[in-house]
Chemist: 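Just passing along the structure, written as structure tokens.
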Amino acid sequence: MIKNGKILIADDERSSREALYELLIAEYDVTIAEDGLRAVNLIKKKDFDVVLSDLKMPGADGMQVLEALKEKNSQSKCIILTAYGSI
């Protein structure tokens with residue numbers, strides 16, 4: 001089966017990672033990072049079409065993940081997710 005694109009899910013909450021993975025795996029090539037530092041390292045090595053990143057994670061936060069994409073001059077889209085209720 002041909003997948004529609006490459007997605008990186010970066011979230012330190014296991015249940016959130018697994019829920020997103022199960023939702024997307026049928027249609028997309030999905031890679032998981034358990035923390036922000038792993039996400040940054042994966043971004044340096046591979047190209048992703050979309051990065052779904054939690055805002056608050058150990059190692060590196062979602063803004064640092066976004067910064068890694070910008071430094072790579074990537075055309076990837078980044079969506080920052082958070083369970084915290086502040087702007």
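Only heavy atoms go into these numbers, but all of them, side chains included; no hydrogens, no water, no symmetry mates.
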Chemist: Kindly indicate whether the side chain of T31, heavy atoms from C-beta on, has any atom under 4.5 Å from the side chain of I9.
Modeler: no
Chemist: Indicate the atoms forming the closest heavy-atom contact of Y21 with I32, along with that distance.
Modeler: CD1-CD1, 3.6 Å
Chemist: Could you grab the distance from atom CD of E67 to atom CD of Q64, nearest 0.5 Å is fine?
Modeler: 9.0 Å
Chemist: Other residues, nucleotides and ligands only: do more than 12 of their heavy atoms fall within 6.0 Å of NZ on K72?
Modeler: yes
Chemist: Could you tell me whether the side chain of M57 reaches within less than 4.5 Å of the side chain of V65, counting heavy atoms only?
Modeler: yes
Chemist: Is it true that I80 and V51 fall in one hydrophobic cluster, defined by side-chain heavy atoms closer than 4.5 Å?
Modeler: no
Chemist: How close do C78 and L69 get, heavy atom to heavy atom, and via which atoms?
Modeler: CB-CD1, 3.6 Å
Chemist: With side chains defined as the heavy atoms from C-beta onward, is the minimum distance between E71 and I43 less than 4.5 Å?
Modeler: no
Chemist: Could you tell me the separation between the CG atom of L23 and the OH atom of Y28, rounded to the nearest 0.5 Å?
Modeler: 9.5 Å
Chemist: Same cluster or not: are M63 and I79 linked, directly or through other Ile, Leu, Val, Met, Phe, Trp or Tyr residues, by side-chain heavy atoms under 4.5 angstrom apart?
Modeler: no
Chemist: Once you round to the nearest 0.5 Å, how far does CG of D35 lie from CG of D61?
Modeler: 11.5 Å
Chemist: Just verifying a value: how many Å separate D12 CG and R17 CZ, rounded to the nearest 0.5 Å?
Modeler: 7.5 Å
Chemist: Please evaluate residues I7 and L20 with respect to the criterion side chain to side chain contact (heavy atoms under 4.5 Å, CB included), reporting the C-alpha separation (whole Å), side-chain torsions for both, the decisive distance (0.1 Å), and the verdict.
Modeler: CA-CA 10 Å; I7 296 177; L20 288 168; over 6 Å; no
Chemist: Taking atom CG of D29 and atom CG of L8, what is their separation to the nearest 0.5 Å?
Modeler: 10.5 Å
Chemist: Is any side-chain heavy atom of D49 less than 4.5 Å from a side-chain heavy atom of K6?
Modeler: yes
Chemist: Rounded to the nearest 0.5 Å, what separates atom CG in L81 from atom OG in S53?
Modeler: 7.5 Å
